Amino acid sequence: MRIRIAAPIALAAATALAGSLLATAAPASAAAHQGGLHFGAVQFDGPGKDDRSKKSLNAEWVNIHNNSKKKVQLKGFKVKDNTGYTYTFGSYTIGAGKTVKLRTGKGKNVSGTVHWNRGSYVWNNTGDKARLIKPNGKLQDSCSWGKSTKANKGAKNCH
C-alpha cells in the first residue's frame, strides 16, 4: 500500500516542482529587452496611399521604449533595416518609462518624436526587420514582420 500511495505523492511533488521551474523560467523570455531599451511598435505601412508626401512618409515610424528606471542617452544608437538604411541618434535623452517615435519623413524633432528626414520609405511593406544597435555595435533589440495585410494594418507590436 505504501508504494501505491507514495507513487502518486512523488508524482504530485515532481509535477509541482516542474511547474515551479517552468514558472521561474518564463520571465527569461522577457530578458530579450536588456538594458531597458526595446522596440515597442512599428508602423511599417502607413495608412493611405504611398505617395512620398511628408504626411505619408511620417505615417511610417518605429517606437523605441525605455522600460528601465533611469533615463538613457541615445547618442550613437542606430536603427537599421534589412536594406542597410541607417538612422543614427544625435544627442537625445529618453526618460525612464518613456517612448521616442522615429518617423521616416521630415519634420522638427521635439520631445518624444525624432525624424529620419528621408524623402523615401525605409520599412518594406512585404516584410522587414528593424534593428536597434548600441553605440559599441552590439545588437540591443530587433523586431521583424511579414507582409502588410488588412488584418495587421501595416503595423507590428514588437513587445
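Along the sequence shown, the residues carry numbers beginning at 1. Computed from a prediction, not measured in an experiment: that's the story for all the values here.
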Cluster question for you: counting only ILVMFWY and a side-chain heavy-atom cut-off of under 4.5 Å, with indirect links fine, are [X] and [Y] together?
X	Y	answer
V114	I133	no
Y121	V62	no
I64	W61	no

Please report the closest heavy-atom contact between [X] and [Y], naming both atoms and the distance.
X	Y	answer
Q140	G36	NE2-N, 4.4 Å
F39	A130	CE1-O, 3.5 Å
K54	G107	CE-CA, 4.5 Å
K153	Q43	O-NE2, 3.1 Å
V42	C158	CG2-SG, 3.8 Å
G40	N157	O-OD1, 3.1 Å

- Would the number of heavy atoms belonging to other residues, nucleotides or ligands and lying under 6.0 Å from NZ of K80 be above 12?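 It does not: K80 NZ has 12 such atoms or fewer within range.
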- Task: Can you label the angle between the F44 ring and the W145 ring as parallel, tilted or perpendicular, going by 30° and 60°?
- Result: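 Answer is parallel, since the angle falls under 30°.
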- Task: Report the relative orientation of the aromatic rings in F89 and Y87; use parallel for angles under 30°, tilted for 30 to 60°, perpendicular for over 60°.
- Result: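 The arrangement is perpendicular - the two ring planes meet at more than 60°.
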Side chain of [X], backbone of [Y]: donor and acceptor closer than 3.5 Å?
X	Y	value
S148	D45	no
D128	N82	yes
S68	K70	yes
N152	K147	yes
N58	G105	yes

- K71 side, atom NZ; I94 side, atom CD1 - distance, nearest 0.5 Å: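 Separation between the atoms: 13.0 Å.
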- Message: How long is the straight-line distance from CG of L102 back to CD of E60, given to the nearest 0.5 Å?
- Response: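 One gets 9.5 Å once the value is rounded to the nearest 0.5 Å.
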- Between T126 and N124, is any side-chain donor less than 3.5 angstrom from a side-chain acceptor?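 No, no side-chain donor-acceptor contact under 3.5 Å.
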- Distance only, no hydrogens: is a donor on one side chain within 3.5 Å (strictly under) of an acceptor on the other, for T88 and K78?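 The answer is yes; a qualifying pair exists.
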- Query: Please walk me through it: do V122 and V79 pass side-chain contact (heavy atoms from CB on, under 4.5 Å)?
  - Reply: CA-CA 11 Å; V122 172; V79 175; over 6 Å; no
With a 4.5 Å heavy-atom cut-off, do [X] and [Y] have their side chains touching?
X	Y	value
K134	F77	yes
N125	D50	yes
K106	H115	no
D141	L37	no
R131	L139	yes

- Item | side-chain contact (heavy atoms from CB on, under 4.5 Å) evaluation trace for K98 with N66 | CA-CA 6 Å; K98 300 294 182 182; N66 176 8; 5.6 Å; no
- Kindly indicate, with the supporting measurements, whether the criterion side-chain contact (heavy atoms from CB on, under 4.5 Å) is fulfilled by Y92 and N109. CA-CA 10 Å; Y92 186 91; N109 292 345; over 6 Å; no
